[in-house]
Structures are given as C-alpha cells and as structure tokens.
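The structure under discussion appears below in the form of structure tokens.
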There are 2 protein chains.
Amino acid sequence: MRYRKIPDEAVWRLPMYLRGLLLSLEKSQETISSQELADFFGVHPWQIRKDFSYFGAFGTPGVGYKVKKLSTQIKKILNLHVSHKAVLVGAGNLGAVILAYPGFKIYGFEITAVFDNNPQKIGQKIENISIKDVSKLSLIKRQKIDLGIIAVPRKAAQEVADRLVEMGIKGILNFSPCRINVPKKVKVITIDIAMDLARLPYYIPSS
Amino acid sequence: MRYRKIPDEAVWRLPMYLRGLLLSLEKSQETISSQELADFFGVHPWQIRKDFSYFGAFGTPGVGYKVKKLSTQIKKILNLHVSHKAVLVGAGNLGAVILAYPGFKIYGFEITAVFDNNPQKIGQKIENISIKDVSKLSLIKRQKIDLGIIAVPRKAAQEVADRLVEMGIKGILNFSPCRINVPKKVKVITIDIAMDLARLPYYIPSS
DNA sequence: TTTAATCTGTGAACGTAAACACAAGTTGAA
DNA sequence: TTCAACTTGTGTTTACGTTCACAGATTAAA
Ligand SMILES: NC(=O)c1ccc[n+]([C@@H]2O[C@H](COP(=O)([O-])OP(=O)(O)OC[C@H]3O[C@@H](n4cnc5c(N)ncnc54)[C@H](O)[C@@H]3O)[C@@H](O)[C@H]2O)c1
Ligand SMILES: NC(=O)c1ccc[n+]([C@@H]2O[C@H](COP(=O)([O-])OP(=O)(O)OC[C@H]3O[C@@H](n4cnc5c(N)ncnc54)[C@H](O)[C@@H]3O)[C@@H](O)[C@H]2O)c1
C-alpha cells in the first residue's frame, strides 16, 4: 500500500473495533464482515474498511475478516500486542473503582503499582496490590511500567504528572478535571465525566 | 449573523471552555481574552473565537470577553442555564464514586434519585440519597429528571436503558462497556476508560 | 483629537475526513 | 467451467472543520 497520512480519527476508532472483535471471538465467531461489525457500533461499513485500509489489507473479498487474525493485527497496530503495565496514583474512591474494573484486561493492561500520600492508606491492600508511599514513586523504575493513571485531587495532579514523567512514563490517563502540562513526547488523555454529561443537554430540546 | 451549520466539534468543545471560564470566575477574573483561554487548554485562540462565532458575538474588541457574561451565554447555548436532574441506576462501586464526585455541580447537575436491584442495597443511603428498587423506576416520572446514568453490569445495561427511555429520559451517560440501542431522539454517550487507555500505546514508541 | 496597541469576528482558503461507487477477489452451486 | 452472490480495498468525490488573515471595534496614552 502507498503511504498515506493516517487520520487520528481512524486510530481513535480502532480500540472500539477491537472490543467488538474480542467479543465476537468470545462467541467463537470465526469470520466477520465489515457490515456485521458496523451494525455492532452503529457506524457505516465503508468507514471501517477505510480505517483498516490505512494499515493494510486484512480481509478476504467475499468472506470478510478472520476475527482472530484481525484482532491480532489491530493489537499490533495499537501496540497492544505486548501487555502494558500501569501505575495508579491516588488510592481513593475512584482509584478503587479503577483497580476493580475488569475491562482493562482484554486490552492487555495490568495495574501493577499503586501509590498514595495518605499514611492511613499506605500499606493497605486493594485488589491484592499494596499501596505504597508516593514519595517512593521511583520504585517503579525497576518495573517496566509505561502508563500512569492519575486519580488524585486536582491540586495535586500536575505535581504527580511531573513525577510520573520523571520516572519515564510515556502515557497518562488523567481523571483530575484540569489540564496537565507534560513534554510533547508524553501523551495525555484527560477524562471528566461531568464534562461529558454537560454535552448531553444541548441535544435535548428544552422543555 | 447568517445561519451556518454548527460543527458538532464546536459544541463538543464548549463544555471545556465553560470549565475554564468558571475557574476564572472563581478567581474573580473579570475579563479574559481568547488568547488567555486558549493557553489554558493548549488550543489556538482563533479556534475559540470561531467556535463562539457560530453562536453569536460575545466579546469586545480590544478587551476580550466578560467572564461572567460569557459563561452565562455558553450555559444558555448548552442548555445548562437551568439545572438538570439526573437519575443513577446501579449503586455499586462506580455508582458511589459518581455520587460523590463534586464536579457535576459546576455544570448545574444534580443526581436526585438512585436505583439498584440488589435487595441488600435497597433502602441504604449513599451521599444522603436513599437507594430505591429499580422495579419502581417509574417513581422518577413525578420528578423532572431528564438525564440518566447507567452504572450496572453490561448484561443489564440495555434493559435499564429501555426502562429509562420509557420513563422519558432524554440523555444517557452509559458506563457499561457496550453499545445500547435507543430511539434517535435520545442521546447516548458511552464511556469506557479501558478503551480510552487503549488509545495511548499507539503513540508510545515501542521499546 | 490623534495615534498606537490590542483584540474580536468572520469570509475565504485550505486541508482532512467521510461517503461513495465500483473493480476485483472469493465462494458455492449448477 | 460458468454464473450469481457476496465482500473487500481504494481512487474519487463530496462535505466538513480548521486555519488564516484582516477589517473593524475599543482602549489608553500622547
Ligand atoms: N474524571 C472523573 O470523571 C472523576 C470522577 C470522580 C472523581 N474524579 C476526580 O478524581 C480525583 C480523585 O477522586 P476520588 O473520588 O478518588 O477522591 P479521594 O479523595 O477519594 O481520593 C484521592 C486520593 O488521592 C490521594 N492523594 C492526595 N494527594 C496526593 C498526592 N499528592 N500524591 C498521591 N496521592 C494523593 C488521597 O490520599 C486520596 O486517597 C479527584 O480529582 C476527583 O475530582 C474524577
Ligand atoms: N466505563 C468505565 O470506565 C467503567 C469503569 C468501571 C466500571 N465500569 C462498568 O460499570 C458497571 C458497574 O461497575 P461497578 O464497579 O460499580 O460494579 P458493581 O458490581 O459494584 O455495581 C453494579 C451495581 O449494579 C446493580 N445492578 C445489577 N443489575 C441491575 C439492574 N438490572 N438494575 C439495577 N441495578 C442493577 C448491582 O446490584 C450493583 O450494585 C459495570 O458495567 C462495569 O463494567 C465501567
């Protein structure tokens, strides 16, 4: 395939497709067509085929895609073919939910370290992982951890992010409702569910 | 201003701008320029001005925007000038975090009802709201609730969504990692933090 | 009042992504 | 072997969003 710029949007959608594929895989489905996959998410089949085409040709005309093969391919594209370790900072209520969420596993993520600054929490265990003192964050250098999850109060978020970057973290999932500044090479995704909710009323005809 | 189609992306960004404005308001800042606001989020000032321009002219050349006035305007645009009531279904770990999250308040949201199907949980209180039996969901018809939050296991998500639609809910924030089918008039936003995390490794050079 | 500095609002140019349409590959039945 | 049904992959067209560049409004200082 000729080189062409890959739209960020296409990359953005791949994890969605992957989830659908892994679900089909669980159901022992062997092949899937772009049409089937599209129905699954309420998108158009040509969108999916186009998205895949940026990365190569994975399907068989007249048949569709081998579910197993395609999911492996997408994992490779997304760099999810190797499992990733993540560190969680902030073992509060949200932190506990994140640790308990089984959804990370299908993408090959594992949260292997948890830190907090509250003496009451340090030493305790959640989901079999013992909470460590955030001042000893450098412990993670020994492990191969490349992702960080921030679940601390807003005021502490930037400071924690700086420390994570120091430790060589390459990507951050930030739950504090604020922007955090990091070097360009570090990718940050910030999630604020209140902001997401705030997008709904616009589409609701005011009564 | 002439009519022009408003990009969904512009609407999508407004809640972000609004958060910045409300933060400035807290700091008693009176006016703000598109440049300042842009620096706050790491976007370009012309993007912000353009986004606003789809809805009208809110600023003063040479001065900038009145923080108070602009935030009021954006709230109106987003239909957030009236406070919205939301119902939460699923009083598990995630549900508790959502109830405890103070971030909803600045957008004028209030979670006024909580439902579950676990007899152990029904009757208990979280954050001063007593958990009710989901089979009595129709209780919300008396209140003016237009938003629903789904925090139940995946298998129950569609069923809960159907019930919420029956009760006249107009927008749904869905935390179950699956697509839910609703009538077109109902807007759904699905959040899966694992999927968000899965978007990071692509940008991380594989070692 | 004039001038310089500042900042908004927006038409127009530009770039990118979505949608389309179809050639070509595959399968299975006749 | 032929044909019909099906499905992919992609060049092209169309639609949309972003960026640019500047006219015009406002302010403060001279
Ligand atoms: N993005 C969302 O959708 C969402 C939802 C709920 C909460 N939140 C945010 O997530 C964050 C945590 O929420 P929560 O409900 O778990 O709060 P919490 O108070 O229960 O937990 C915060 C934890 O962070 C720890 N902490 C504080 N400062 C720290 C530091 N410098 N280093 C390490 N640990 C530190 C505290 O000891 C506590 O255990 C808050 O910023 C909150 O606003 C976000
Ligand atoms: N989107 C995300 O980022 C994210 C993160 C964590 C969890 N989750 C998802 O959120 C959901 C809840 O997670 P959790 O950790 O709170 O799980 P949980 O088991 O602690 O809570 C689920 C609650 O839903 C209740 N419930 C089950 N069926 C119900 C029904 N039909 N009607 C009403 N209530 C019902 C249960 O009694 C329980 O209290 C799960 O689907 C989970 O996968 C999503």
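Sequence lines set the chain letters: A, B, ... in the order given, protein chains first and strands last, and positions in each chain run from 1. Computed from a predicted structure; not experimentally measured.
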Round to a whole Å and report the spacing from [atom1] of [X] to [atom2] of [N].
X	N	atom1	atom2	answer
L70(B)	dC7(C)	CG	C1'	14 Å
F58(B)	dT10(C)	CZ	P	10 Å
Q35(A)	dC6(D)	CD	P	12 Å
I48(B)	dC7(C)	CD1	P	14 Å

Return the minimal non-hydrogen interatomic distance between Q158(B) and R179(B), and the atom names on each side. OE1-O, 4.2 Å

Considering non-hydrogen atoms only, spot the tightest contact between A194(A) and F109(B) and give its length. O-CE1, 4.0 Å

Y65(B) near the nucleic acid: base, sugar-phosphate alone, or nothing, with a heavy-atom cut-off under 4.0 Å? sugar-phosphate

Can you give one letter per nucleotide of nucleotides 17-27 of chain D, going 5' to 3': B for a protein heavy atom under 4.0 Å from the base, S for sugar-phosphate only, - for none? SBBSB--BBSS

Would you please name every residue forming a side-chain contact (heavy atoms from CB on, under 4.5 Å) with P7(B), sequence neighbours left out? E9(B), A10(B), Y54(B)

Sorted by chain and number, sequence neighbours left out, side-chain contact (heavy atoms from CB on, under 4.5 Å) with K69(B) holds for K66(B), Q73(B)

Just say parallel, tilted or perpendicular for the rings of Y17(B) and F41(B), cut-offs at 30° and 60°. tilted

Can you tell me if Q143(A) and T112(A) form a side-chain donor-acceptor pair at under 3.5 Å? yes

